[in-house]
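One structure is given below, encoded as C-alpha coordinates.
Just so you know, ligand 1 is whichever comes first in the structure, and atom 1 is the first atom listed for that ligand. Numbers for residues simply follow the sequence, beginning at 1.
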Amino acid sequence: MKRVLVTGAGGFIGHHLVSYLKKKGEWVRGADLKYPEYEPSAADDFALLDLRRWENCLKATDGIDEVYALAADMGGMGFISAHHAEILRNNSLINIHTIDAARENGAKRYLYTSSACVYPEYRQTDPNVTPLKEEDAYPAQPQDAYGWEKLVTEHLCIHYREDYGLETRIVRFHNIFGPLGTWDGGREKAPAALCRKVSLARLNGQSEIEIWGDGEQTRSFCYIDDCLEGIYRLMRSDYREPLNLGQDRLVTINQLADIVAAAAGVSITKKHVAGPQGVRGRNSDNTRLREVLHWEPEITLEEGLRRTYLWIDQQVRAADRRIASGSSGTLENPSSAVRRGSAS
Ligand code: NAD
Ligand code: GDC
(Lines give C-alpha, C1' and ligand atoms only; values in the text may rest on other atoms or scores of the structure.)
(Ligands and ions follow the chains in the order given, each with its own letter.)
Protein backbone atom coordinates (compact mmCIF):
# COMPACT_ATOMS: atom_id res chain seq x y z
CA MET A 1 0.00 0.00 0.00
CA LYS A 2 1.25 3.47 -0.85
CA ARG A 3 2.41 5.44 2.19
CA VAL A 4 1.91 9.18 2.27
CA LEU A 5 3.39 11.87 4.54
CA VAL A 6 1.67 15.21 5.18
CA THR A 7 3.94 17.70 6.94
CA GLY A 8 2.18 20.54 8.73
CA ALA A 9 -0.62 18.05 9.52
CA GLY A 10 -1.40 19.91 12.75
CA GLY A 11 -2.16 23.07 10.77
CA PHE A 12 -5.15 24.30 8.80
CA ILE A 13 -4.63 22.88 5.29
CA GLY A 14 -2.52 19.90 6.42
CA HIS A 15 -5.21 18.69 8.83
CA HIS A 16 -7.90 18.92 6.15
CA LEU A 17 -5.57 17.20 3.67
CA VAL A 18 -5.03 14.23 6.00
CA SER A 19 -8.82 13.74 6.24
CA TYR A 20 -9.16 14.10 2.47
CA LEU A 21 -6.42 11.54 1.73
CA LYS A 22 -7.87 9.09 4.25
CA LYS A 23 -11.21 9.31 2.42
CA LYS A 24 -9.28 8.48 -0.79
CA GLY A 25 -8.04 5.30 0.92
CA GLU A 26 -4.38 6.31 1.43
CA TRP A 27 -2.20 5.29 4.38
CA VAL A 28 -1.22 8.64 5.91
CA ARG A 29 1.40 9.80 8.37
CA GLY A 30 1.07 13.34 9.70
CA ALA A 31 4.04 15.28 11.08
CA ASP A 32 4.00 18.59 12.90
CA LEU A 33 5.22 20.41 16.01
CA LYS A 34 1.68 20.12 17.36
CA TYR A 35 -1.52 18.12 17.04
CA PRO A 36 -4.48 19.76 15.26
CA GLU A 37 -6.09 22.29 17.59
CA TYR A 38 -9.78 21.80 16.91
CA GLU A 39 -10.36 18.08 16.30
CA PRO A 40 -8.31 14.85 16.28
CA SER A 41 -6.28 13.91 13.22
CA ALA A 42 -7.49 11.11 10.95
CA ALA A 43 -3.86 10.10 10.25
CA ASP A 44 -2.80 6.46 10.67
CA ASP A 45 0.33 7.69 12.37
CA PHE A 46 1.06 11.18 13.75
CA ALA A 47 4.66 12.14 14.54
CA LEU A 48 5.33 15.16 16.75
CA LEU A 49 8.58 16.42 15.23
CA ASP A 50 10.46 19.65 14.69
CA LEU A 51 11.13 19.45 10.97
CA ARG A 52 13.85 22.10 11.07
CA ARG A 53 16.08 19.21 12.17
CA TRP A 54 17.45 16.82 9.55
CA GLU A 55 17.25 13.71 11.76
CA ASN A 56 13.56 14.41 12.44
CA CYS A 57 12.90 14.76 8.72
CA LEU A 58 14.53 11.35 8.23
CA LYS A 59 12.12 9.88 10.81
CA ALA A 60 9.12 11.56 9.19
CA THR A 61 9.98 10.33 5.67
CA ASP A 62 11.00 6.80 6.70
CA GLY A 63 9.11 4.29 4.50
CA ILE A 64 7.22 7.05 2.70
CA ASP A 65 6.38 7.03 -1.04
CA GLU A 66 4.81 10.47 -1.42
CA VAL A 67 5.25 13.69 0.55
CA TYR A 68 2.88 16.65 0.76
CA ALA A 69 5.15 19.33 2.25
CA LEU A 70 2.99 21.89 4.06
CA ALA A 71 4.91 22.59 7.28
CA ALA A 72 5.81 26.27 7.57
CA ASP A 73 6.14 29.07 10.07
CA MET A 74 3.49 31.27 8.52
CA GLY A 75 0.46 33.50 8.92
CA GLY A 76 -1.43 36.43 7.49
CA MET A 77 -0.07 39.93 6.91
CA GLY A 78 0.09 40.67 10.63
CA PHE A 79 2.62 37.87 11.06
CA ILE A 80 4.62 37.73 7.83
CA SER A 81 5.25 41.47 7.72
CA ALA A 82 6.87 41.40 11.18
CA HIS A 83 8.93 38.16 11.43
CA HIS A 84 11.22 38.14 8.41
CA ALA A 85 14.33 36.56 9.96
CA GLU A 86 12.37 33.89 11.84
CA ILE A 87 10.35 32.97 8.75
CA LEU A 88 13.36 32.82 6.43
CA ARG A 89 15.41 30.77 8.92
CA ASN A 90 12.72 28.32 10.02
CA ASN A 91 11.16 27.68 6.63
CA SER A 92 14.54 27.31 4.89
CA LEU A 93 15.56 24.69 7.44
CA ILE A 94 12.24 22.85 7.20
CA ASN A 95 12.21 22.79 3.42
CA ILE A 96 15.86 21.91 2.77
CA HIS A 97 15.83 19.13 5.33
CA THR A 98 12.44 17.70 4.38
CA ILE A 99 13.14 17.37 0.66
CA ASP A 100 16.62 16.00 1.24
CA ALA A 101 15.37 13.42 3.74
CA ALA A 102 12.64 12.41 1.26
CA ARG A 103 15.34 11.84 -1.38
CA GLU A 104 17.54 9.95 1.08
CA ASN A 105 14.63 7.67 2.03
CA GLY A 106 13.67 7.00 -1.58
CA ALA A 107 10.35 8.88 -1.82
CA LYS A 108 8.97 9.01 -5.36
CA ARG A 109 6.80 12.13 -5.36
CA TYR A 110 6.95 15.41 -3.47
CA LEU A 111 4.42 18.24 -3.53
CA TYR A 112 5.57 21.62 -2.22
CA THR A 113 3.12 24.31 -1.12
CA SER A 114 4.32 27.68 -2.34
CA SER A 115 2.41 30.95 -2.25
CA ALA A 116 1.08 33.86 -4.27
CA CYS A 117 3.51 35.83 -2.09
CA VAL A 118 6.27 34.87 -4.59
CA TYR A 119 4.90 37.37 -7.13
CA PRO A 120 6.79 40.64 -7.49
CA GLU A 121 5.63 43.72 -5.67
CA TYR A 122 5.88 45.83 -8.86
CA ARG A 123 3.03 43.85 -10.49
CA GLN A 124 0.71 44.35 -7.49
CA THR A 125 0.56 48.11 -6.97
CA ASP A 126 -2.99 48.69 -8.28
CA PRO A 127 -6.21 47.39 -6.66
CA ASN A 128 -7.43 46.66 -10.19
CA VAL A 129 -4.48 44.32 -10.65
CA THR A 130 -3.88 42.22 -13.77
CA PRO A 131 -4.30 38.57 -12.69
CA LEU A 132 -0.92 36.95 -12.08
CA LYS A 133 0.30 34.26 -14.46
CA GLU A 134 2.86 31.74 -13.25
CA GLU A 135 5.66 33.25 -15.38
CA ASP A 136 5.01 36.70 -13.85
CA ALA A 137 7.12 35.64 -10.85
CA TYR A 138 10.20 36.92 -12.72
CA PRO A 139 12.14 39.19 -12.57
CA ALA A 140 11.75 38.32 -8.90
CA GLN A 141 10.88 40.90 -6.25
CA PRO A 142 8.64 39.32 -3.59
CA GLN A 143 7.57 41.80 -0.93
CA ASP A 144 8.53 39.76 2.14
CA ALA A 145 11.11 37.20 3.29
CA TYR A 146 8.26 34.68 3.29
CA GLY A 147 7.92 35.01 -0.50
CA TRP A 148 11.69 34.90 -1.13
CA GLU A 149 11.99 31.65 0.81
CA LYS A 150 9.06 30.14 -1.12
CA LEU A 151 10.73 31.10 -4.41
CA VAL A 152 14.05 29.52 -3.43
CA THR A 153 12.32 26.31 -2.35
CA GLU A 154 10.47 26.19 -5.69
CA HIS A 155 13.93 26.10 -7.31
CA LEU A 156 15.13 23.49 -4.85
CA CYS A 157 12.23 21.27 -5.96
CA ILE A 158 13.04 21.80 -9.63
CA HIS A 159 16.71 20.90 -9.09
CA TYR A 160 15.92 17.84 -6.95
CA ARG A 161 13.80 16.58 -9.84
CA GLU A 162 16.46 17.33 -12.45
CA ASP A 163 19.46 16.07 -10.45
CA TYR A 164 17.97 13.23 -8.37
CA GLY A 165 14.80 12.17 -10.23
CA LEU A 166 12.42 13.02 -7.36
CA GLU A 167 9.10 13.88 -9.05
CA THR A 168 8.28 17.29 -7.60
CA ARG A 169 5.06 19.30 -7.89
CA ILE A 170 4.76 22.97 -6.89
CA VAL A 171 1.49 24.71 -6.02
CA ARG A 172 1.09 28.45 -5.39
CA PHE A 173 -1.89 29.01 -3.09
CA HIS A 174 -3.91 32.24 -3.22
CA ASN A 175 -5.32 32.99 0.26
CA ILE A 176 -7.03 29.75 1.34
CA PHE A 177 -9.74 29.95 4.02
CA GLY A 178 -12.30 27.77 5.78
CA PRO A 179 -13.32 26.15 9.07
CA LEU A 180 -10.64 24.72 11.40
CA GLY A 181 -8.17 27.45 10.42
CA THR A 182 -6.38 29.95 12.66
CA TRP A 183 -8.89 32.64 13.60
CA ASP A 184 -7.14 34.49 16.42
CA GLY A 185 -3.77 35.08 18.02
CA GLY A 186 -2.01 37.15 15.32
CA ARG A 187 -1.44 34.64 12.49
CA GLU A 188 -4.97 34.70 11.07
CA LYS A 189 -5.60 35.97 7.56
CA ALA A 190 -8.28 38.44 6.52
CA PRO A 191 -11.26 36.06 6.02
CA ALA A 192 -10.89 34.54 9.50
CA ALA A 193 -10.05 37.89 11.13
CA LEU A 194 -13.15 39.53 9.66
CA CYS A 195 -15.38 36.59 10.66
CA ARG A 196 -14.06 36.91 14.22
CA LYS A 197 -14.54 40.67 14.29
CA VAL A 198 -18.12 40.48 12.98
CA SER A 199 -18.98 37.66 15.39
CA LEU A 200 -17.53 39.56 18.31
CA ALA A 201 -19.32 42.79 17.38
CA ARG A 202 -22.59 40.86 17.17
CA LEU A 203 -21.96 39.21 20.53
CA ASN A 204 -21.30 42.59 22.14
CA GLY A 205 -24.30 44.27 20.47
CA GLN A 206 -22.06 46.54 18.39
CA SER A 207 -21.86 47.15 14.65
CA GLU A 208 -18.39 48.62 14.16
CA ILE A 209 -15.42 46.49 13.07
CA GLU A 210 -11.83 47.52 12.43
CA ILE A 211 -10.25 47.01 9.01
CA TRP A 212 -6.55 47.56 8.28
CA GLY A 213 -6.00 50.27 5.68
CA ASP A 214 -8.73 51.87 3.59
CA GLY A 215 -10.18 48.46 2.73
CA GLU A 216 -9.85 49.15 -1.01
CA GLN A 217 -6.89 46.75 -1.33
CA THR A 218 -7.92 43.65 -3.31
CA ARG A 219 -7.38 39.88 -3.14
CA SER A 220 -8.93 36.62 -4.31
CA PHE A 221 -9.90 33.95 -1.76
CA CYS A 222 -10.21 30.20 -2.21
CA TYR A 223 -12.26 27.82 -0.04
CA ILE A 224 -10.45 24.87 1.56
CA ASP A 225 -12.42 22.11 -0.21
CA ASP A 226 -11.37 23.47 -3.60
CA CYS A 227 -7.78 23.74 -2.36
CA LEU A 228 -7.74 20.02 -1.42
CA GLU A 229 -9.17 18.95 -4.76
CA GLY A 230 -6.57 21.05 -6.58
CA ILE A 231 -3.65 19.71 -4.52
CA TYR A 232 -4.67 16.12 -5.16
CA ARG A 233 -5.17 16.65 -8.89
CA LEU A 234 -1.77 18.32 -9.17
CA MET A 235 0.01 15.54 -7.27
CA ARG A 236 -1.52 12.97 -9.64
CA SER A 237 -0.77 15.03 -12.77
CA ASP A 238 2.45 15.01 -14.80
CA TYR A 239 2.82 18.82 -14.58
CA ARG A 240 6.17 19.81 -13.08
CA GLU A 241 6.21 23.64 -13.09
CA PRO A 242 4.72 25.94 -10.43
CA LEU A 243 0.92 26.24 -10.70
CA ASN A 244 -1.50 28.81 -9.25
CA LEU A 245 -4.29 27.42 -7.08
CA GLY A 246 -6.90 29.98 -6.12
CA GLN A 247 -10.05 31.74 -7.15
CA ASP A 248 -9.87 34.47 -9.78
CA ARG A 249 -12.66 36.64 -8.40
CA LEU A 250 -11.12 39.91 -7.25
CA VAL A 251 -12.78 41.60 -4.23
CA THR A 252 -11.83 44.52 -2.02
CA ILE A 253 -11.37 43.87 1.68
CA ASN A 254 -14.38 46.16 2.27
CA GLN A 255 -16.45 43.84 0.04
CA LEU A 256 -15.09 40.83 1.89
CA ALA A 257 -16.30 42.36 5.17
CA ASP A 258 -19.75 42.99 3.66
CA ILE A 259 -20.01 39.35 2.54
CA VAL A 260 -19.09 38.19 6.05
CA ALA A 261 -21.68 40.56 7.55
CA ALA A 262 -24.32 39.16 5.16
CA ALA A 263 -23.38 35.63 6.26
CA ALA A 264 -23.89 36.76 9.86
CA GLY A 265 -27.16 38.50 9.01
CA VAL A 266 -26.01 41.88 10.39
CA SER A 267 -25.05 45.29 9.03
CA ILE A 268 -21.67 46.66 9.99
CA THR A 269 -19.86 49.96 9.97
CA LYS A 270 -16.17 49.88 9.10
CA LYS A 271 -13.50 51.71 11.00
CA HIS A 272 -10.36 51.93 8.87
CA VAL A 273 -7.23 51.77 11.02
CA ALA A 274 -3.49 51.52 10.47
CA GLY A 275 -2.21 47.97 9.94
CA PRO A 276 0.01 45.89 7.68
CA GLN A 277 -1.51 45.83 4.21
CA GLY A 278 0.88 43.94 1.96
CA VAL A 279 0.44 44.43 -1.75
CA ARG A 280 -2.29 46.73 -3.02
CA GLY A 281 -3.91 44.17 -5.30
CA ARG A 282 -3.50 40.45 -6.04
CA ASN A 283 -5.44 38.02 -8.21
CA SER A 284 -4.80 34.61 -9.74
CA ASP A 285 -4.70 33.97 -13.49
CA ASN A 286 -6.22 30.48 -13.74
CA THR A 287 -5.58 29.84 -17.42
CA ARG A 288 -2.89 27.25 -16.77
CA LEU A 289 -4.77 25.73 -13.82
CA ARG A 290 -7.69 24.97 -16.15
CA GLU A 291 -5.40 23.58 -18.86
CA VAL A 292 -3.42 21.33 -16.51
CA LEU A 293 -6.04 20.10 -14.07
CA HIS A 294 -9.13 20.29 -16.36
CA TRP A 295 -10.89 21.86 -13.40
CA GLU A 296 -10.99 25.07 -11.37
CA PRO A 297 -12.22 26.10 -7.90
CA GLU A 298 -15.99 25.99 -7.71
CA ILE A 299 -17.17 27.07 -4.28
CA THR A 300 -18.37 30.68 -4.22
CA LEU A 301 -16.93 33.19 -1.80
CA GLU A 302 -20.39 33.68 -0.30
CA GLU A 303 -20.84 29.95 0.38
CA GLY A 304 -17.29 29.50 1.68
CA LEU A 305 -17.61 32.46 4.02
CA ARG A 306 -21.02 31.28 5.21
CA ARG A 307 -19.50 27.96 6.30
CA THR A 308 -16.43 29.66 7.78
CA TYR A 309 -18.43 32.26 9.67
CA LEU A 310 -20.63 29.58 11.22
CA TRP A 311 -17.57 27.77 12.57
CA ILE A 312 -15.75 30.89 13.80
CA ASP A 313 -18.91 32.20 15.44
CA GLN A 314 -19.08 28.91 17.39
CA GLN A 315 -15.44 29.33 18.46
CA VAL A 316 -16.01 32.92 19.60
CA ARG A 317 -19.07 31.94 21.62
CA ALA A 318 -17.32 28.95 23.19
CA ALA A 319 -14.38 31.17 24.15
CA ASP A 320 -16.76 33.74 25.58
CA ARG A 321 -18.44 31.09 27.74
CA ARG A 322 -15.02 29.94 28.98
CA ILE A 323 -14.19 33.47 30.04
CA ALA A 324 -17.53 33.96 31.71
CA SER A 325 -16.98 30.78 33.73
CA GLY A 326 -13.51 31.98 34.67
CA SER A 327 -11.83 28.92 33.20
CA SER A 328 -9.52 30.67 30.76
CA GLY A 329 -6.75 33.06 31.29
CA THR A 330 -3.61 33.01 29.24
CA LEU A 331 -2.97 35.17 26.25
CA GLU A 332 -2.47 32.01 24.22
CA ASN A 333 -6.09 31.25 24.87
CA PRO A 334 -8.10 32.96 22.15
CA SER A 335 -10.86 33.78 24.57
CA SER A 336 -8.88 36.44 26.37
CA ALA A 337 -8.44 38.24 23.09
CA VAL A 338 -12.09 37.72 22.34
CA ARG A 339 -13.30 39.50 25.43
CA ARG A 340 -10.84 42.36 24.99
CA GLY A 341 -12.37 42.73 21.57
CA SER A 342 -9.27 44.27 20.06
CA ALA A 343 -7.11 41.38 18.88
CA SER A 344 -6.01 41.66 15.28
P1 NAD B 1 -0.71 26.58 9.22
O2 NAD B 1 0.14 27.57 9.94
O3 NAD B 1 -2.09 26.35 9.70
O4 NAD B 1 0.04 25.17 9.16
C5 NAD B 1 1.42 25.05 9.10
C6 NAD B 1 1.83 23.99 10.09
O7 NAD B 1 3.26 23.84 10.03
C8 NAD B 1 1.49 24.35 11.53
O9 NAD B 1 0.66 23.36 12.12
C10 NAD B 1 2.83 24.41 12.23
O11 NAD B 1 2.83 23.93 13.57
C12 NAD B 1 3.69 23.53 11.35
N13 NAD B 1 5.10 23.83 11.56
C14 NAD B 1 5.70 25.05 11.68
N15 NAD B 1 6.99 24.89 11.98
C16 NAD B 1 7.22 23.56 12.05
C17 NAD B 1 8.38 22.77 12.33
N18 NAD B 1 9.55 23.36 12.62
N19 NAD B 1 8.27 21.43 12.34
C20 NAD B 1 7.07 20.84 12.07
N21 NAD B 1 5.95 21.53 11.78
C22 NAD B 1 6.03 22.87 11.78
O23 NAD B 1 -0.71 27.04 7.68
P24 NAD B 1 -1.61 26.56 6.46
O25 NAD B 1 -2.52 27.69 6.12
O26 NAD B 1 -2.18 25.24 6.73
O27 NAD B 1 -0.51 26.48 5.31
C28 NAD B 1 0.02 25.26 4.86
C29 NAD B 1 1.08 25.53 3.81
O30 NAD B 1 0.50 26.27 2.72
C31 NAD B 1 2.25 26.39 4.31
O32 NAD B 1 3.44 25.96 3.70
C33 NAD B 1 1.91 27.77 3.82
O34 NAD B 1 3.05 28.60 3.67
C35 NAD B 1 1.24 27.46 2.51
N36 NAD B 1 0.33 28.54 2.07
C37 NAD B 1 -0.84 28.74 2.72
C38 NAD B 1 -1.69 29.76 2.31
C39 NAD B 1 -3.01 30.02 2.95
O40 NAD B 1 -3.73 30.91 2.51
N41 NAD B 1 -3.40 29.29 4.00
C42 NAD B 1 -1.34 30.57 1.23
C43 NAD B 1 -0.12 30.34 0.60
C44 NAD B 1 0.69 29.31 1.02
O1 GDC C 1 -3.59 38.64 6.08
P2 GDC C 1 -4.12 38.62 4.71
O3 GDC C 1 -5.29 37.77 4.42
O4 GDC C 1 -2.91 38.24 3.77
O5 GDC C 1 -4.51 40.14 4.36
C6 GDC C 1 -5.22 40.49 3.20
C7 GDC C 1 -5.55 41.97 3.27
O8 GDC C 1 -6.57 42.16 4.26
C9 GDC C 1 -4.35 42.86 3.65
O10 GDC C 1 -4.31 43.99 2.82
C11 GDC C 1 -4.69 43.27 5.08
O12 GDC C 1 -4.21 44.57 5.42
C13 GDC C 1 -6.21 43.30 5.01
N14 GDC C 1 -6.85 43.27 6.33
C15 GDC C 1 -7.75 44.18 6.80
N16 GDC C 1 -8.07 43.90 8.07
C17 GDC C 1 -7.31 42.00 9.61
O18 GDC C 1 -7.96 42.28 10.62
C19 GDC C 1 -7.38 42.77 8.41
N20 GDC C 1 -6.49 40.92 9.59
C21 GDC C 1 -5.78 40.55 8.47
N22 GDC C 1 -4.97 39.46 8.52
N23 GDC C 1 -5.81 41.29 7.33
C24 GDC C 1 -6.61 42.37 7.30
C25 GDC C 1 -1.30 36.25 2.38
C26 GDC C 1 -0.18 35.81 3.29
C27 GDC C 1 -0.32 34.35 3.48
C28 GDC C 1 -0.39 33.61 2.15
C29 GDC C 1 -1.30 34.30 1.15
C30 GDC C 1 -1.18 33.86 -0.28
O31 GDC C 1 -1.22 37.61 2.17
O32 GDC C 1 -0.25 36.51 4.50
O33 GDC C 1 0.66 33.83 4.31
O34 GDC C 1 0.87 33.30 1.61
O35 GDC C 1 -1.14 35.67 1.12
O36 GDC C 1 -2.21 34.44 -1.03
P37 GDC C 1 -2.49 38.51 2.25
O38 GDC C 1 -3.55 38.07 1.32
O39 GDC C 1 -2.01 39.90 2.10
Got a sec, which residues hit salt bridge (Lys or Arg N to Asp or Glu O under 4.0 Å) with E154, two or more places apart in sequence or on another chain?
R172

Checking D258 now: which residues fulfil salt bridge (Lys or Arg N to Asp or Glu O under 4.0 Å) with it, not counting sequence neighbours?
K270

Test item, [X] contacting ligand 1 (heavy atom, 4.0 angstrom):
{"X": "A9", "value": "no"}
{"X": "K150", "value": "yes"}
{"X": "F177", "value": "no"}

Determine whether the side chain, the backbone, both or neither of [X] has a heavy atom under 4.0 Å from any heavy atom of ligand 1.
{"X": "S114", "result": "backbone"}
{"X": "K34", "result": "side chain"}
{"X": "K189", "result": "side chain"}

Contact partition for [X] relative to ligand 2, non-hydrogen atoms under 4.0 Å:
{"X": "E188", "value": "backbone"}
{"X": "A193", "value": "side chain"}
{"X": "R219", "value": "side chain"}

Evaluate F221 for polar contact with ligand 2, using N/O atom pairs at a separation under 3.5 Å.
no

Return yes or no for this condition: an N or O of M77 is under 3.5 Å from an N or O of ligand 2.
yes

Is G215 near ligand 2, meaning one of its heavy atoms is under 4.0 Å from it?
no

Check E303 with R307, please: is the shortest side-chain N to carboxylate O separation under 4.0 Å?
yes

Counting from 1 in the order shown, the ligand 1 atoms closer than 4.0 Å to a non-hydrogen atom of G10 are 9 (O)

Which ligand 2 atoms does Y146 reach within 4.0 Å, using its non-hydrogen atoms?
33 (O), 34 (O)

Which ligand 2 atoms does H174 reach within 4.0 Å, using its non-hydrogen atoms?
36 (O)

